[in-house]
Amino acid sequence: MTTRRTLLHATAQGLTLAATSLLGRSAWADLPRGAADAAALDTLPGKKALLRRSFRPPNYETPPEYFNDVITPNERFFVRWHLASIPQIDARTWRLAVGGDAATQELQLSLDQLKHDFEPAELVAVCQCSGNRRGFSDPHVPGVQWGAGAMGNARWKGVRLKDILARAGIRKDTVEVAFNGADRAPLDVTPAFVKSIPAWKAMDENTLVAYEMSGAPLPHWNGFPARIVVPGWTATYWMKQVSVIRALAQPLTSYWMNTAYRMPKGKFPVVDRFVSQESETSTPITEILVNSLITQPVDGARLAPEMPVVVAGLAWDGGAGVRRIEVSTDGGRTWNTGELGTDLGRFSFRPWTFSFTPGAPRHQLIMARASNAQGTTQPSELIFNPPGYHNNVVQKIAVEIA
Ligand SMILES: Nc1nc2c(c(=O)[nH]1)N[C@H]1C(S)=C(S)[C@@H](COP(=O)(O)O)O[C@H]1N2
Ligand SMILES: [Mo]
């Protein structure tokens with residue numbers, strides 16, 4: 001005999017199966033996507049609505065429609081903090097302390113000095129959380145269940161970190177440059193968020209202390225009055241509300257370097273190395289992997305048969321430069337080269353388009369894959385790792401031709 005309970009169960013399963021086959025089976029329509037999709041729109045003071053992943057500390061992601069712009073609007077730029085005590089900074093009294101055991105001078109810089117005593121520098125760069133798309137990981141992994149919006153692209157203006165370090169008399173034996181911000185853990189159980197980068201990356205002319213974001217002061221939640229910008233590298237190094245910069249003759253010891261934000265060596269096709277923090281088996285995360293996002297059409301869209309469609313999206317990488325975008329409209333059997341749009345610099349999102357005309361009514365999968373100047377291409381299978389970093393697996397958009 002069939003009980004009411006098993007009937008309900010069977011019906012629910014039947015519905016799930018029906019819904020799945022209706023849209024075709026997108027890789028992102030699997031169970032873990034439920035976690036990534038379960039977010040409410042919410043507005044932090046001074047921002048417009050974002051997808052809330054957690055409230056304390058604040059972790060909010062950019063809703064997908066804002067990636068139709070190559071520059072992500074400041075008020076929609078994602079927000080990620082590890083610690084829950086985030087002070088309001090008074091720009092008049094804020095000071096940036098620069099020193100360290102590998103510097104010959106101690107500096108206390110005001111915001112005015114940063115703006116007027118140094119040559120300004122400007123560039124467009126993607127700020128992407130190491131855990132962007134973690135919520136799509138299959139199998140599921142713990143951590144903030146980000147969808148595809150823990151990233152943004154902005155025009156950063158500030159001072160080259162190397163110019164500030166030169167004024168502090170940085171010595172040749174500097175191994176790393178470390179940063180601290182003004183945020184604190186409410187209880188002392190969470191280690192202070194302190195990060196470092198190798199001396200060579202700190203001295204790179206593209207690494208900035210930025211006080212402007214796309215023509216405006218940094219929003220409070222994105223690090224007002226100044227943050228570190230490490231173009232090409234994942235955002236964990238982009239210290240917000242930066243208050244201390246130290247040149248170190250020894251590798252930094254910090255939970256956030258020695259334990260978190262690490263991955264097995266050789267697992268990912270990264271080129272940049274962070275030798276002073278490498279162990280025999282693991283390395284800190286470094287540059288962003290080549291990746292792309294389809295912004296048009298959206299998953300589940302209905303397209304008219306025999307009517308031309310423009311597939312559009314973004315591609316980016318760790319600064320080698322995007323060289324190619326390929327699009328498949330048949331679930332990955334055949335690939336065609338799309339067209340790359342405006343180049344705002346090698347650290348920026350690169351827009352792309354691809355035009356095609358759908359045939360007869362059916363369900364169809366649209367996929368995109370980017371390649372960069374190093375010859376690296378997005379993988380067709382997720383490179384699984386327990387912290388859920390570097391998710392750049394080829395995305396699948398299910399559309400219905402009807
Ligand atoms: N002071 C401070 N800076 C920080 C963090 C933080 O927790 N505290 N998180 C880092 C991480 S992991 C990310 S992904 C980016 C997020 O930058 P956003 O909030 O401007 O998007 O900030 C980085 N800088
Ligand atoms: Mo992050």
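Each ligand, and each atom within it, is numbered from 1 in the order the structure gives.
Among all protein heavy atoms, the one lying closest to atom 24 (N) of ligand 1 is W238 O, 3.0 Å. The protein heavy atom nearest to atom 4 (C) of ligand 1 is F193 CE2, 3.6 Å. The nearest heavy-atom contact from the protein to atom 10 (C) of ligand 1 is A235 O, 3.6 Å. Atom 3 (N) of ligand 1 has its closest protein heavy atom at K240 N, 2.9 Å. In terms of protein heavy-atom proximity, atom 1 (N) of ligand 1 is closest to D183 OD1, 2.8 Å. Of all protein heavy atoms, the one closest to atom 21 (O) of ligand 1 is F78 O, 2.6 Å.
Using a 4.0 angstrom heavy-atom cutoff, Y261 counts as in contact with ligand 1. In this structure, M239 has a heavy atom closer than 4.0 Å to ligand 1. Distances shorter than 4.0 angstrom occur between a heavy atom of R227 and an atom of ligand 1.
Listed by number with element, the atoms of ligand 1 under 4.0 Å from a non-hydrogen atom of C129 are 14 (S). Those atoms of ligand 1 with a heavy atom of W81 less than 4.0 angstrom away are 1 (N), 2 (C), 7 (O), 8 (N).
With salt bridges taken as basic N to acidic carboxylate O contacts below 4.0 Å, none links E212 and R155.
Using modelled atom types and a 3.5 Å distance limit, the side chains of K195 and T236 yield a donor-acceptor pair. Between the side chains of W233 and D272, at least one donor N or O sits under 3.5 Å from an acceptor N or O.
Nearest heavy-atom pair, N391 versus N132, reported as atom, atom and distance to 0.1 Å: CB-O, 3.8 Å.
In this structure, the ring of Y66 has its center no less than 6.0 angstrom from the ring center of F77. Ring centroid separation for the pair H82 and Y261 comes in under the 6.0 Å cut-off.
Among K195, H82, M213, E61, the residue whose heavy atom sits closest to atom 7 (O) of ligand 1 is H82.
Of the N or O atoms in N222, one or more lie within a sub-3.5 Å distance of an N or O in ligand 1.
Counting only distance, with no hydrogens or angles, the side chain of T329 and the backbone of I366 share no donor-acceptor pair below 3.5 Å.
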